[in-house]
Amino acid sequence: MQREDIERLREQVSCAVALEQAGFAIDLKESTRRAVKFRRRGEIIIVTHEGRGWFDPLSDRKGDIFALIGLLQPGNFQATLAAVEALAGVQPLHPTWRARRMAADISTRWAARPLLCQGARAHDYLFRIRAIPRRVLQHAIDGSLIRQGPSGSAWFAHQDNDGRISGWEERGPVWRGFSTGGAKTLFRFGNSVGGRLCVTEAAIDALSLSALEGRRDDTLYASTAGGWSPATESAVTLLAGDLDLVVAATDSNSQGEAYADRLRQIASSLDCGFQRLRPNAGDWNEDLQQRRTR
């Protein structure tokens with residue numbers, strides 16, 4: 001990942017989200033608009049700079065989202081980078097800043113980009129590099145689910161429970177991320193009332209699994225964009241309540257297993273069928289690319 005990509009992630013991900021997911025809670029009585037205090041038992045973290053910075057008042061530790069993730073989840077930089085990427089587009093449970101650095105409204109920004117079409121760099125990337133069949137891409141185009149972003153990237157729509165655009169996954173040859181100011185809900189492709197829900201971690205994986213399965217007519221293929229926000233859980237729960245089977249089609253790694261366990265819990269609470277479906281490789285797009293090379 002290039003330096004400018006890392007800088008973009010630094011702008012997209014709020015330290016408040018990382019703390020909330022680590023079990024910290026806001027101390028409203030001791031917070032201000034510029035400095036929000038989070039507590040977890042005896043630990044204290046103050047979030048500043050509209051969520052982009054933090055410091056520990058009990059020590060000299062401070063920094064940005066990467067330093068915070070390194071503190072909360074010790075590991076090498078690649079592990080830290082993956083953890084930050086997973087939080088892109090996740091909004092805090094309790095928004096603490098009114099100002100948002102958005103050039104325009106989410107729906108306006110989405111509508112301003114052209115739909116994916118054959119001949120576009122983004123289409124070439126998805127078809128030739130990612131091996132997604134043209135027929136699958138055309139179905140997604142017909143549903144207005146993919147638009148062309150900058151630098152040959154593709155934007156994959158996330159929609160809320162009322163069908164409104166909440167944000168989008170951004171994937172391309174030189175960049176991957178989530179829309180600045182957007183919120184992760186679900187990318188949805190297929191039949192929403194078919195009885196079967198397959199949940200993946202990326203829109204490209206949702207399309208890839210659809211291709212591998214022959215785009216089953218009874219299935220809605222969905223993506224969480226590699227994160228798990230309250231809006232995502234709400235969307236999955238609402239869908240699962242009307243379906244027969246929830247399929248955890250997340251990646252074959254520890255994070256994928258953690259997401260699968262959450263899906264299992266949702267299915268169990270709704271008395272819905274559950275299945276764990278794992279790719280042979282790390283993810284479904286790898287499986288699809290390997291099938292093409294055989």
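Since the structure is predicted, the reported quantities are computational estimates derived from the model, not experimental observations.
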Taking [X] for the side chain and [Y] for the main chain, is one N or O donor matched with an acceptor at less than 3.5 Å?
{"X": "Ser223", "Y": "Ala225", "value": "yes"}
{"X": "Ser268", "Y": "Arg264", "value": "no"}
{"X": "Ser208", "Y": "Ile204", "value": "yes"}
{"X": "Tyr259", "Y": "Ala248", "value": "no"}
{"X": "Asp218", "Y": "Gly194", "value": "no"}
{"X": "Asp160", "Y": "Asp162", "value": "yes"}
{"X": "Ser229", "Y": "Val90", "value": "no"}
{"X": "Thr250", "Y": "Gly256", "value": "yes"}
{"X": "Arg130", "Y": "Asn285", "value": "no"}

Supply the atom-to-atom distance [X] [atom1] to [Y] [atom2], rounded to the nearest 0.5 angstrom.
{"X": "Cys198", "Y": "Trp284", "atom1": "SG", "atom2": "CH2", "answer": "8.5 Å"}
{"X": "Leu145", "Y": "Leu137", "atom1": "CG", "atom2": "CG", "answer": "11.0 Å"}
{"X": "Asn280", "Y": "Arg278", "atom1": "CG", "atom2": "CZ", "answer": "11.5 Å"}
{"X": "Ile106", "Y": "Ser166", "atom1": "CD1", "atom2": "OG", "answer": "8.0 Å"}
{"X": "Leu126", "Y": "Leu116", "atom1": "CG", "atom2": "CG", "answer": "6.0 Å"}
{"X": "Gln138", "Y": "Ile141", "atom1": "CD", "atom2": "CD1", "answer": "4.5 Å"}

[X] and [Y]: side chain donor to acceptor below 3.5 Å:
{"X": "Glu201", "Y": "Gln255", "value": "yes"}
{"X": "Trp228", "Y": "Glu233", "value": "yes"}
{"X": "Thr200", "Y": "Asp205", "value": "no"}

- Candidates Ile45, Thr48, Ile44 - the one meeting side chain to side chain contact (heavy atoms under 4.5 Å, CB included) with Phe55: Thr48
- Task: Determine whether more than 12 heavy atoms belonging to other residues, nucleotides or ligands lie under 6.0 Å from atom CG of Asp271.
- Result: no
- Assess whether atom NZ of Lys62 is packed by more than 12 heavy atoms of other residues, nucleotides or ligands within 6.0 Å. no
Regarding [X] and [Y], does a basic nitrogen lie under 4.0 Å from an acidic carboxylate oxygen?
{"X": "Arg276", "Y": "Glu257", "value": "yes"}
{"X": "Arg61", "Y": "Asp56", "value": "yes"}
{"X": "Asp124", "Y": "Arg121", "value": "no"}
{"X": "Glu170", "Y": "Arg176", "value": "no"}
{"X": "Glu213", "Y": "Arg196", "value": "yes"}
{"X": "Arg39", "Y": "Glu30", "value": "yes"}

Quick one: are [X] and [Y] in side-chain contact, heavy atoms under 4.5 Å?
{"X": "Thr219", "Y": "Leu197", "result": "no"}
{"X": "Leu207", "Y": "Ile146", "result": "yes"}
{"X": "His123", "Y": "Gln148", "result": "no"}
{"X": "Arg147", "Y": "Trp168", "result": "no"}
{"X": "Val17", "Y": "Ile65", "result": "no"}
{"X": "Glu11", "Y": "Arg8", "result": "no"}
{"X": "Val47", "Y": "Phe38", "result": "yes"}
{"X": "Pro279", "Y": "Glu286", "result": "no"}

If two hydrophobic side chains count as joined below 4.5 Å and joins carry through other members, does [X] share a cluster with [Y]?
{"X": "Ile132", "Y": "Phe187", "answer": "yes"}
{"X": "Leu68", "Y": "Ile26", "answer": "yes"}
{"X": "Ile266", "Y": "Leu277", "answer": "no"}
{"X": "Leu238", "Y": "Leu263", "answer": "no"}
{"X": "Leu72", "Y": "Trp54", "answer": "yes"}

Taking all non-hydrogen atoms of both residues into account, name the closest pair between [X] and [Y] and its distance.
{"X": "Ala281", "Y": "Asp287", "answer": "N-OD1, 2.8 Å"}
{"X": "Ala240", "Y": "Leu270", "answer": "CB-CD1, 3.6 Å"}
{"X": "Ile46", "Y": "Ala35", "answer": "CG2-CB, 3.7 Å"}
{"X": "Gly282", "Y": "Asp251", "answer": "O-CB, 3.4 Å"}
{"X": "Ala267", "Y": "Phe274", "answer": "CB-CB, 3.9 Å"}
{"X": "Ala235", "Y": "Leu186", "answer": "CB-CD1, 3.7 Å"}

- List the steps and the verdict of side-chain contact (heavy atoms from CB on, under 4.5 Å) for Ile69 and Leu87. CA-CA 10 Å; Ile69 291 295; Leu87 296 178; 4.0 Å; yes
- Query: Going through the distances and angles, do Cys15 and Arg52 end up as a side-chain contact (heavy atoms from CB on, under 4.5 Å)?
  - Reply: CA-CA 6 Å; Cys15 294; Arg52 307 298 178 244; 6.0 Å; no
- Query: How are the rings of Trp155 and Trp110 set to each other: parallel, tilted or perpendicular (split at 30° and 60°)?
  - Reply: parallel
- Of Arg188, Glu169, Lys184, which meets side chain to side chain donor-acceptor pair (under 3.5 Å) against His158? Glu169
- Does NZ or CZ of Arg215 lie under 6.0 Å from the centre of the six-membered ring of Phe189, at an angle within 45° of the ring axis? yes
- Does the side-chain hydrogen bond (donor to acceptor under 3.5 Å, both in side chains) test come out yes or no for Thr185 and Thr232, once each step is laid out? CA-CA 4 Å; Thr185 47; Thr232 297; over 6 Å; no
- Item | CA sep, side-chain torsions, deciding dist, call: Val13, Val84, side-chain contact (heavy atoms from CB on, under 4.5 Å) | CA-CA 7 Å; Val13 180; Val84 173; 3.8 Å; yes
- Task: Start with the C-alpha gap between Val199 and Thr224, add the side-chain angles, then the distance that decides, and say whether side-chain contact (heavy atoms from CB on, under 4.5 Å) holds.
- Result: CA-CA 7 Å; Val199 181; Thr224 66; 3.7 Å; yes
- Go through the structure and list residues passing salt bridge (Lys or Arg N to Asp or Glu O under 4.0 Å) with Arg10, not counting sequence neighbours. Glu7, Asp64
- Item | Asp217: partners by salt bridge (Lys or Arg N to Asp or Glu O under 4.0 Å), with sequence neighbours left out | none
